[in-house]
Number of protein chains: 2
Amino acid sequence: MPTIKDIAKAAGVSPASVSRVINDGPKVGAKTREKIKRIMREMQYQPNANAQAINMQNNASIGIVLADLTDPLFAKMAHGIEKVAAQKDLQIFLNSGAFDRASELDAIEVLLEHRYKALVVHSAMIDDKTLIDFARKVPGLVLLNRHIKEIENRCIWLDDKLGGALMADHIVDKGHKKIAVIGVDGIQNNTRLRIEGMKAQLAKYPVTYEIEMLEQGAATYEGGEVAVQNLLARGVEFSAILAYNDAIAVGAVSMLKAHGMTVPDDVSVVGFNNLILAQCMKPKLTTIHNPIEEMAMKATELALSLSKGNGDSEPDYVMDEHKYSPVLVERQSVTRLS
Amino acid sequence: MPTIKDIAKAAGVSPASVSRVINDGPKVGAKTREKIKRIMREMQYQPNANAQAINMQNNASIGIVLADLTDPLFAKMAHGIEKVAAQKDLQIFLNSGAFDRASELDAIEVLLEHRYKALVVHSAMIDDKTLIDFARKVPGLVLLNRHIKEIENRCIWLDDKLGGALMADHIVDKGHKKIAVIGVDGIQNNTRLRIEGMKAQLAKYPVTYEIEMLEQGAATYEGGEVAVQNLLARGVEFSAILAYNDAIAVGAVSMLKAHGMTVPDDVSVVGFNNLILAQCMKPKLTTIHNPIEEMAMKATELALSLSKGNGDSEPDYVMDEHKYSPVLVERQSVTRLS
DNA sequence: TTGAAAGCGCTACCAT
DNA sequence: ATGGTAGCGCTTTCAA
């Protein structure tokens, strides 16, 4: 693998000139430039990005940490990030963290060791404090899909309370009074926030509502099945289910059918995220749209612009640009109760 | 950001000793080692991976190129690669190529410039010749989900002909004679291979079958809808649809319903890949299981072991370990014709 | 066990 | 417009 010196020698010029050509720098004569270019091509020269990085004291690409790639929601994040990277002609380096704390930490560390300056991290398992430390240390680090009060100017997150309120409002509008919620636990407590939002919203109505909370581990199709199974086993009464995400909702629908109940006639179901799955379902799923792709794009832009600064002064910010709002998408899985 | 020199100075030792500690090398006294470690911690030392890489002449992590992250099938690849990386305690760097030739090429180049030695690339848009050149130049490069004859010992692929045969066999077993195929075009021609497989299989039966091929761009839910729309508009007769993937199959089912036909009573549908989607569907989708995750794991191991060698001699290989077989998964979307 | 010093491939400053 | 060269942060002989 030829180095800059080899090229220089072969072209009869100095390494400095070759470097200039590589970086499209000025101060190189036209013929010299052409000659060097030709030789580089002939010798299949490939710059060593590591050597470049060590000199430039930084790494221009964008570093990304994603908690899990197999979740389509997260895949959407990756896509959003890619979009702005492509448009700015930057590369992204993605390090995924298999959904456990240690590997998420590892992923961040490795990116830092490679001196990536702009970092978009979607962490599901790392605690607030650790992330705050990271954020303070690394000016170009932005947290995606997470809200930490102390560094909220470095976060891009979804308004989960509003999401909960939206769900509650819709279901109450339709005349439901007995509501079951399928959530998931996790460090982020999205579920708790959504339930807060629901309760706050419900409190505005004159009637009393029963919210039956069912914690449940997996945010998956199977998780939805199990949750409904449990609800039924416990003899809980409900006419509507508010699910943590679309996959759970679909699993719930399936298990309800298995028990001879149809959706929405016997039970109404609302999902969350509005993934493609929600549209494919029968019945089409009423759900809450999650603008995660926009959020990812915003986070990337933020990380990029923050990484340019020196990190001395935290930038001003308007919360509205950091907190994104979910939107209700009404389809066919909720019925009106007479 | 402290360097190795800063640590050395603070600890009153030479940079060499610090380096030894960093790399868990021998020849360092116990107390010296402890002291250096303490200082590193105190000063929050973080090794510069770029500097390390430039010395070691290589990059230990695994480089990955994926054509598209938003397709769940590809997300599964990423997951498989991750699994073996984690188990070997290696990092992965993923560069995704937005499904166009230029950015796929770019992704590979960048990884090479960073001197990654083990490369798993899933390219959908780059031509054979270019990939062959890459493979010859980079000993640790492995092609995932692609078969190029000239370098098949460097490829991990699915037996598409067998996939087609499986589909055909099943549908014929069930008494169908008029078959519509929804494919997608692309550089890889999976579709063509599958159709070859179908025809070869069909030829073994005494009856004549009609295969109606419908090319179609998008391998998505919407693509499936459009394809069925077109089939119907063209007045094609069919009792079964063989789809390129599960998403298309689901879209097809939806559009059939929209035209008042039910699956499987009026039309049978077979998908491909066996993603979670196939199980969530009503009716549950009969499909072809694609062992992509195993394939990804295998590809990663191969890349890793190849990158260890000097590249002088192409390793022996047994084709069976490179060509993976799809498997029919019978569910509820195919009916028996009387 | 430790340290001095020569690179790794490249950039950028200072001369020419 | 060009070349010489001193680093960038680290690893790795080779001596001590």
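Naming convention: chains lettered A, B, ... in sequence-line order (proteins, then strands); numbering from 1 in each chain.
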Please identify each residue that fulfils ring pair (Phe, Tyr, Trp, His ring centres under 6.0 Å) with A:His322, with sequence neighbours left out.
A:Tyr317

Can you check the B:Met40 CE to D:dG9 C1' distance for me, whole Å?
15 Å

Ignoring hydrogens, what is the shortest heavy-atom contact between B:Asn48 and B:Tyr45? Give both atom names and the distance.
N-OH, 4.4 Å

Distance check needed: D:dT5 P versus A:Ile4 CD1, whole Å only.
16 Å

What are the residues of residues 43-52 of chain B, sorted by number, that bring a heavy atom to within less than 4.0 Å of DNA chain D?
B:Tyr45, B:Pro47, B:Asn48, B:Ala51, B:Gln52

Distance check needed: D:dC8 C1' versus B:Asn55 CG, whole Å only.
11 Å

Spacing of B:Met56 atom CE relative to D:dG9 atom C1', expressed in whole Å
13 Å

Nearest non-hydrogen partners of A:Lys117 and A:Val138, listed with the distance
O-CG1, 4.5 Å

With a 4.5 Å limit on heavy-atom distance, are the side chains of B:Ile36 and B:Met40 in contact?
yes

What distance separates B:Ser61 OG from B:Tyr116 OH, expressed to the nearest 0.5 Å?
5.0 Å

Between B:Lys137, B:Lys129, B:Arg136, which is the residue that forms a side chain to side chain contact (heavy atoms under 4.5 Å, CB included) with B:Asp133?
B:Lys129

Tell me whether the rings of A:Phe93 and B:Phe93 are parallel (<30°), tilted (30 to 60°) or perpendicular (>60°).
perpendicular

Please tabulate, for the side chains in residues 142-149 of chain A, all donor-acceptor contacts under 3.5 angstrom to protein atoms that are two or more places apart in sequence or on a different chain.
| unit_1 | atom_1 | unit_2 | atom_2 | d |
| --- | --- | --- | --- | --- |
| A:Arg146 | NH1 | A:Ser123 | O | 3.1 |
| A:Arg146 | NH1 | A:Ile126 | O | 2.9 |
| A:Arg146 | NH2 | A:Ile126 | O | 2.7 |
| A:Arg146 | NH2 | A:Asp128 | OD1 | 2.8 |
| A:His147 | NE2 | A:Glu152 | OE1 | 2.7 |

Angle of first-five versus last-five pair axes in the helix from C:dT1-D:dA16 to C:dT16-D:dA1, to 10 degrees:
40°

Side chains of B:Asn153 and B:Leu302: does their closest heavy-atom pair fall under 4.5 Å?
no

B:Ile36 CD1 - D:dC10 P separation (whole Å)
13 Å

Name the first nucleotide and the last nucleotide along DNA chain C (5' to 3') that come under 4.0 Å of a heavy atom in chain A.
C:dG9 to C:dC13

Strand contacts (DNA chain C) in residues 13-34 of chain A, 4.0 angstrom heavy-atom criterion
A:Ala16, A:Ser19, A:Arg20, A:Asn23

B:Lys9 has an atom NZ; how far is it from atom P of D:dG9, in whole Å?
12 Å

The single option from A:Val65, A:Leu69, A:Ile81 passing side chain to side chain contact (heavy atoms under 4.5 Å, CB included) against A:Leu94
A:Leu69

Write down the distance between CD1 (B:Ile54) and P (D:dG7), rounded to a whole number of angstrom.
17 Å

Looking at B:Glu293, B:Glu294, B:Glu301, which hits salt bridge (charged side-chain N to carboxylate O under 4.0 Å, His left out) with B:Lys83?
B:Glu293

For A:Asp106 and A:Ser103, does a side-chain donor sit closer than 3.5 Å to a side-chain acceptor?
no

